[in-house]
Amino acid sequence: MNKNTGVVVIGGGYAGVTAANRLAQRADVTVTLINPRPDFVERIRLHQLVGGSNDAVVDYGEVLAGNIRLMVDSVATIDVTGRGVELAGGSTVGYDYLIYAVGSGSAEPDVPGAAEFAHPIATLEEARRLRPLVDAAPATAPVTVVGSGPTGIETAAELAEEGRAVTLVCGEELGPYLHPRGRRAVARTLAGLGVTVIEGPGARVAAVTRDAVRLDDGRELPSRVTVWATGFSVPDLAARSGLTTDAVGRLLTDDTLTSVDDPRIVAAGDAAAPAGAPFRMSCQAAGQLGSRAARTVLSRIAGERPAPLKVRFAGQCISLGRRTGFFQFASMDDRANPLYLGGRPGAKLKEIVCRATVKQLVNEARKGAPRAERDKAPATAGQTA
């Protein structure tokens, strides 16, 4: 090649950082990562931020290769025809290839009063707003967590371990992904922490008020703080930019993660819908998608046909406070099986996974440029107010 190929990565989460670091290992590729925050967010620790045991952020200087240009800004739109991204700060960044790794955030609640009186937890900013509200509530004040998935379970356990009076509203079923054996084990642990679990017919939330949660069957639960952990949604950047998306807004791609509209746009992470069949939103999938996205770009640069995507799952880790954890084993296609690991060993495994996830990014970052180049490279570029 006569010149470097410029790749822009939108989004600095697990998928975006993985993709950027992989690409940065090539001397003939120039990588720019655009992210609205100056720090990497350990999203799998946000419940710990709310509980006060972790700040859930890591400096990008640790996890991002030093030869990657980091721009702290938001993307307003993608100019597909002109091959550029327009930033909220007013500038435009051109690209030869684009990796779309914008991640996900809280789903917009459709329950009356939830938007006004419930507090989401899917992003760093939301978790940071929630923490002082929890701190300000008396220790005996009722806290209601709405959501049956890992985020809801982890948040309920974290707060209950602090001595809070926590009710977890699950709708139909606690931990739908879990195997029945694992579900019973998680329920026992939550009960031991003092969490009241509400599930089954009539257990869906009908309305939220300033100091209560009302269920479909008419029950009203007192709630000083209501945490909303019912699912994720993706940004509408792809749709706003005229790209084809699935029904919930994820960028529609083929089985190589390449956009069905443009071979120079590749998706990764929660906002990707490969072959119209997206994977469970998780850091476990995000890392694999980020790695594959980078390989797809490198294949296209070389004029080769990219290999199809393969994602393998091992299971799902759930924190149940700081002293107890749970690992639900699964088949490689993400189907839960009867095997699980709980108790203190489960907690240790969960912590190992959390640390290893960041450690892997750190190790990849060190491959991005020789030490001398990394030491001289600026931590950020193009930062806007």
Side-chain angles (χ1 to χ4, degrees), residues 13-14 37 39-58 103-107 118-137 139 142-170 174-178 186-187 189-197 223-232 270 280-284 286 315-328 342 344 346-358:
Y14 298 101
R37 306 178 188 89
D39 297 299
F40 175 79
V41 177
E42 284 193 86
R43 191 167 179 179
I44 54 179
R45 292 194 188 272
L46 287 180
H47 62 284
Q48 289 184 250
L49 192 162
V50 174
S53 64
N54 198 290
D55 63 7
V57 295
V58 178
S104 61
S106 295
H119 306 282
I121 191 179
T123 68
L124 177 66
E125 293 76 16
E126 290 169 346
R128 282 176 169 171
R129 288 193 293 267
L130 177 57
R131 177 61 196 171
L133 297 177
V134 172
D135 283 342
V143 176
T144 302
V145 179
V146 181
S148 61
T151 303
I153 293 170
E154 291 183 324
T155 304
E158 202 79 22
L159 296 178
E161 193 176 69
E162 284 189 343
R164 299 280 174 181
V166 180
T167 297
L168 177 60
V169 179
C170 299
L174 171 71
Y177 166 80
L178 302 175
V186 170
T189 302
L190 290 173
L193 288 168
V195 177
T196 300
V197 176
S223 185
R224 175 67 176 265
V225 179
T226 300
V227 182
W228 202 258
T230 59
F232 303 116
D270 290 353
R280 171 168 55 88
M281 293 183 180
S282 64
C283 73
Q284 189 174 176
Q316 189 172 64
C317 279
I318 299 175
S319 291
L320 297 171
R322 295 298 85 217
R323 296 182 293 273
T324 303
F326 180 85
F327 186 84
Q328 169 68 73
R344 288 186 180 275
K348 290 181 179 179
L349 178 57
K350 168 71 172 182
E351 183 61 23
I352 288 171
V353 169
C354 289
R355 292 184 180 184
T357 300
V358 172

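In terms of modelled atom types and a separation under 3.5 Å, the side chain of Glu161 and the main chain of Leu193 share no donor-acceptor contact. The closest donor-acceptor contact from the side chain of Glu154 to the backbone of Ser319 lies under 3.5 Å. Between the side chain of Arg43 and the backbone N or O of Ala122 there is at least one donor-acceptor pair closer than 3.5 Å.
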Step by step, work out the side-chain contact (heavy atoms from CB on, under 4.5 Å) result for Gln328 and Ile318. CA-CA 8 Å; Gln328 169 68 73; Ile318 299 175; over 6 Å; no
Decide yes or no on side-chain contact (heavy atoms from CB on, under 4.5 Å) for Tyr14 and Thr357, but give the supporting numbers first. CA-CA 9 Å; Tyr14 298 101; Thr357 300; 3.5 Å; yes
Stepwise salt bridge (Lys or Arg N to Asp or Glu O under 4.0 Å) check, Glu158 with Arg131: CA-CA 12 Å; Glu158 202 79 22; Arg131 177 61 196 171; over 6 Å; no
Could you walk me through whether Val225 and Leu130 pass the side-chain contact (heavy atoms from CB on, under 4.5 Å) check? CA-CA 9 Å; Val225 179; Leu130 177 57; 3.9 Å; yes
Please step through side-chain contact (heavy atoms from CB on, under 4.5 Å) for the pair Val134 and Val143, ending with a clear verdict. CA-CA 8 Å; Val134 172; Val143 176; 5.8 Å; no
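Rounding to the nearest 0.5 Å gives a distance of 7.0 Å between CZ of Arg355 and CZ of Arg45. The structure places CD of Glu351 at 6.5 Å from CD of Gln48, a figure rounded to the nearest 0.5 Å. Note that CD1 of Ile44 is 5.5 Å distant from NZ of Lys350, once rounded to the nearest 0.5 Å. Interatomic distance, Leu168 CG to Thr196 OG1, rounded to the nearest 0.5 Å: 9.5 Å. Here Arg128 contributes atom CZ and Ile121 contributes atom CD1; the two are 13.5 Å apart, rounded to the nearest 0.5 Å. Interatomic distance, Thr123 OG1 to Phe232 CZ, rounded to the nearest 0.5 Å: 10.5 Å.
Across all their heavy atoms, Ala137 and Arg164 have their closest contact at O-NH1, 2.8 Å. Nearest heavy atom pair, residue Ala118 against residue Trp228, reads CB-CE3, 3.7 Å. Smallest separation of non-hydrogen atoms from Ala127 and Leu49: O-CD2, 3.6 Å. Between Leu190 and Ala157, the shortest heavy-atom distance links the atoms CD2-CB, 4.0 Å. Contact record, Cys317 with Val353: SG-CG2, 3.8 Å, taken as the closest heavy-atom pair. The minimum heavy-atom distance linking Asp55 with Leu124 is given by the pair O-CD1, 4.2 Å.
Put simply, the residue from Val197, Thr324, Leu178 that forms a side chain to side chain contact (heavy atoms under 4.5 Å, CB included) with Val186 is Leu178.
Note on Arg129 versus Glu125: no salt bridge recorded, every NZ/NE/NH1/NH2 to OD/OE distance being 4.0 Å or above.
A 4.5 Å side-chain heavy-atom check between Glu126 and His119 finds every atom pair outside the cut-off.
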